[in-house]
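Each ligand, and each atom within it, is numbered from 1 in the order the structure gives.
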Amino acid sequence: MTDIRVESSYAPRAGAQHLLEVKDLFVEFHTRDGVARVINGVSYHLDPGETLAVLGESGSGKSVTAQAIMGILDMPPAKIPSGQILYKGEDLLAMPEEKRRQVRGKEIAMIFQDALSALNPVFPVGWQISETLRTRAGMSKKDATRRAIELMDQVKIPAAKARVKDYPHQFSGGMRQRVMIAMALAMDPKVLIADEPTTALDVTVQAQIMDLLADLRRDLNMGLILITHDLGVVADVADRIAVMYAGRIIEHADVHSLYKSPAHPYTQGLLDSIPRLDSKGTELATIKGLPPNLLRPPTGCAFHPRCPYVKSVCTTSTPRSLDLGHGRTSACHFAKEMLDGTLR
Ligand code: SF4
């Protein structure tokens, strides 16, 4: 169970250029059954040293947005009809592929959920960590191995020097995830995207990996995007949270405000479904129904078939993202009523 503590050092920055900024991004998947509009006008930003959690059920578009940032979407079937992804003010989508490749891994790195399948079983972990250093940074084998050991130390793999020649299967799940993080850090990225980095791990190891990511973000002053379906996991480490549903950000807020008073019924449903230490013995709430099929999304608000507060306007009119002040937004017709507790 998760005992939720919410602490945030987040203070919005005014006017400055962001380290990374996704602007009004649209992504479609062209399939034999039709066009699925999987990202519908997503915008978010990230600054050095802060953590943005991108939260949502599977199929909400959180990983697709990350893949678009990394430039690893399969195109086709994916297509990006419009939008910008600005890194230090330069649009990654308009960059020649060669330049983009320089940014990928070097400036922006990503770690994935399943470390076992992401690592090559036939090469020692040290070799895999040092490969990027040899091929992209031109380091000698000896220097790259020395740096790999340093990176293994940095991600707190015990006895790194003795284990640098071990194979992935000789590590536990948590240690393999640390190896993945070490690989991602090899080129000193300014942005680290972690896609469900703890889903395959047990609760204790989950907490250790989240602590490690938080420490690295602080020590290296990286921007961290944490993609997750689990609000409980990010409470302690995120500065801001963007909640995604059906390819849109339906709520964005600093972590403290979002936990204290959600401004969207979907966020409220996610919060209510987190197991808490003080709710032992009571039945856990769930959000009824399933995420929408984006080949045939619902009319109006995409959440309306599942929303406990649905009104007739919700079935016909798509809510715009409402500015609630202090960087806070909600895409619900009744966001203000949600916030003041009068929505019934
Ligand atoms: Fe629910 Fe309507 Fe708000 Fe959508 S717009 S979340 S259906 S109240």
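Less than 4.0 angstrom separates some heavy atom of Cys301 from each of these atoms of ligand 1: 4 (Fe), 5 (S), 6 (S), 7 (S). Shown in contact with His264 at under 4.0 Å from a heavy atom are these atoms of ligand 1, numbered in order with element: 6 (S). Near Phe334, with a cut-off below 4.0 Å to any heavy atom, the atoms of ligand 1 are 8 (S). Close approach to His304 involves these atoms of ligand 1, each under 4.0 Å from a residue heavy atom: 7 (S).
The nearest protein atom to atom 3 (Fe) of ligand 1, hydrogens excluded, is given as Cys332 SG, 2.3 Å; this is a heavy-atom distance.
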Item to complete: Apply side-chain contact (heavy atoms from CB on, under 4.5 Å) to Thr318 and Arg248, showing your working.
Response: CA-CA 11 Å; Thr318 306; Arg248 292 183 73 196; 3.4 Å; yes
Discussion item. Using the rule given for side chain to side chain donor-acceptor pair (under 3.5 Å), can you reason through Thr342 versus Asp340, listing the C-alpha separation, both sets of side-chain angles and the distance that settles it, and then say yes or no?
Written reply: CA-CA 6 Å; Thr342 58; Asp340 65 23; 2.6 Å; yes
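Metal site remark for atom 2 (Fe) of ligand 1: His333 contributes no N, O or S atom at a distance under 2.8 Å.
Not a single heavy atom of Lys311 sits closer than 4.0 Å to an atom of ligand 1.
Evaluated by nearest non-hydrogen atom to atom 2 (Fe) of ligand 1, the leading choice among Pro319, Cys307, Cys314, Ala263 is Cys314.
Geometrically, Arg306 does not engage Tyr266 in a cation-pi contact, judged by NZ or CZ lying under 6.0 Å from the ring centre and within 45° of the ring axis.
At a threshold of 4.0 Å, the pair Arg101-Glu98 counts as salt-bridged, since one of the basic side-chain nitrogens sits closer than that to a carboxylate oxygen.
Aromatic ring pairs are classed by plane angle as parallel below 30°, tilted from 30° to 60° and perpendicular above 60°; the pair Phe303 and His264 is tilted.
Across every non-hydrogen atom of Trp127 and Arg134, the tightest pair is O-NH2, 3.0 Å.
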